[in-house]
Amino acid sequence: MGDEQRCLAYSTAAATLKSLPFTVTTMSQIVDLKGLGSGHCLKVLQETLDTGYCREVVSKRDSDKYKSIKSLTGVYGIGNSVAEKLYTSCNITSVSDIITSWGRLALNDERIKYGVAYYEDLNTPVTRETAERIQGVVRRELDQVTQGYKLELMGGYRRGKSSGHDVDLLVCCGSNDEDGGSTGGVVGSGGSAGGVGLATVSCFIQLISSFSNYKYFFLQAAYRKQSDRVSSMDNYEKCVCILKCPLQDDWTPDPMEDIQTDVSSLVTSGQNGDRGWRATRVDLVYVPQHQWPYAVLGWSGSKLFLRLLRRYASSTLGLVLTSHGLWNYCKRKLSSTLQGR
DNA sequence: GACCAACTGGT
DNA sequence: ACCAGT
DNA sequence: GGTC
Ligand SMILES: Cc1cn([C@H]2C[C@H](O)[C@@H](COP(=O)(O)OP(=O)(O)OP(=O)(O)O)O2)c(=O)[nH]c1=O
Ligand SMILES: [Mg+2]
């Protein structure tokens, strides 16, 4: 049921107001703005301007259900659907409820374990300073396996934000790494990478391997379509992980530290602020050089901007815009040098 | 009343 | 197909 | 929920 679309409508309305160069004080300033419509949004705004708040907003915001769902979806890996079920069918209202009732809830998604164990860390804003520290960690790992690469901060930071919910990094390998050709150990989905240390292995796989070597947490890896692979080994396009971000410059991960796999040990080891690191969500995206501009566009956001831009590409230009390229519907990549627009 | 971005991975 | 995520 |  089109909740996603209603969310889109609210986002557009909010962005419309945010874009105004002045503080809104009267309805006449906003009634004719595109994106606000003539219904719900205006009603909320009218009441807010008249009385300082909107009864519907306040009652929704302060309702027990809203507060519970908000806490539950704050767990990485729990979305609206599961949160709703936990709340209505299991009387679960908080993360501590989840921990207490873990055994009977059958939450199978591996991410939820980490989401619960590092709930506080993962809901603490990541400062730009932290993001740059992570970038430094990644840069030093990359320097050991390749050269001539590009590595840039993406997402909110690239748009000038000073904090965010994660660190988005875009990597583009140097020309030496493009098309290695040789095949080697296959990297299994979801965790330990094999065949580490071979010169022919893609720098991205080596990078990810260094994370598991160092006992960082590894969550998920996405594959790249065969046709887009830079080399035969190089089948990862994205790595979604949680890294231990050093709190001081001199901290290095302890290779002896075991990775905990059950929630209770994760939760206990996740507590305690005094551990020299903070759990940080990191997205690493790896693209071949010819896709770099599309990847920069696609990973800079914002989410709303991308949706509007892609809608324009599709409905006005008749093209498909993704983070890999600009295509026509027959799946032929548009040669932008020939089609100069 | 149709349309609303485009995609991947886990179950 | 559904859910969660980018 | 807003736009066309
Ligand atoms: C969430 C989301 C992100 N993206 C892209 C654009 C985002 O800028 C990029 C990174 O995703 P996010 O990290 O979720 O977005 P962000 O970096 O803008 O926000 P924050 O500062 O809170 O981290 O991925 C999508 O294309 N679609 C989506 O639905
Ligand atoms: Mg981000």
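Values reported hereafter were calculated over all heavy atoms of this structure, with side chains retained and with hydrogens, waters and symmetry mates removed. Here is how names work: the chains are called A, B, and so on, in the same order as the sequence lines, proteins then strands, and each is numbered from 1. Everything quoted here is computed from the prediction, not taken from an experiment.
- Remark: A:Glu56 pairs with A:Lys43, A:Lys60 by the salt bridge (Lys or Arg N to Asp or Glu O under 4.0 Å) rule, at least two apart or across chains.
- For the pair A:Leu319 CG and B:dA6 C1', the interatomic distance rounds to 14 Å; values are reported in whole Å.
- Under the side chain to side chain contact (heavy atoms under 4.5 Å, CB included) criterion, A:Ser101 pairs with A:Ile92, A:Arg104, A:Leu105, sequence neighbours left out.
- DNA chain B lies under 4.0 Å from at least one heavy atom of each of the following residues of residues 300-312 of chain A: A:Lys303, A:Arg307, A:Arg310, A:Arg311.
- Protein chain A contacts DNA chain C over a range whose 5' and 3' limits, counting nucleotides with an atom under 4.0 angstrom from a non-hydrogen atom, are C:dC3 to C:dT6.
- When the P atom is used for both C:dT6 and B:dC4, the distance is 24 Å, rounded to whole Å.
- Remark: C1' of D:dG1 and CG of A:Leu42 are 12 Å apart, rounded to the nearest angstrom.
- Atoms CG (A:Leu8) and P (B:dA2) sit 18 Å apart, rounded to a whole Å.
- With sequence neighbours excluded, the residues that form a side chain to side chain contact (heavy atoms under 4.5 Å, CB included) with A:Leu306 are A:Arg310.
- Taking the salt bridge (Lys or Arg N to Asp or Glu O under 4.0 Å) definition, one finds that A:Lys161 meets it with nothing, sequence neighbours left out.
- Look at CG on A:Leu297: it is 15 Å from P on B:dA5, rounded to the nearest Å.
- Rounded to an integer number of Å, the gap from A:Leu107 CG to B:dT11 P is 12 Å.
- D:dG1 and B:dC7: their C1' atoms are spaced 25 Å apart (whole Å).
- Counting heavy atoms from C-beta on, the side chains of A:Leu321 and A:Trp327 never come closer than 4.5 Å.
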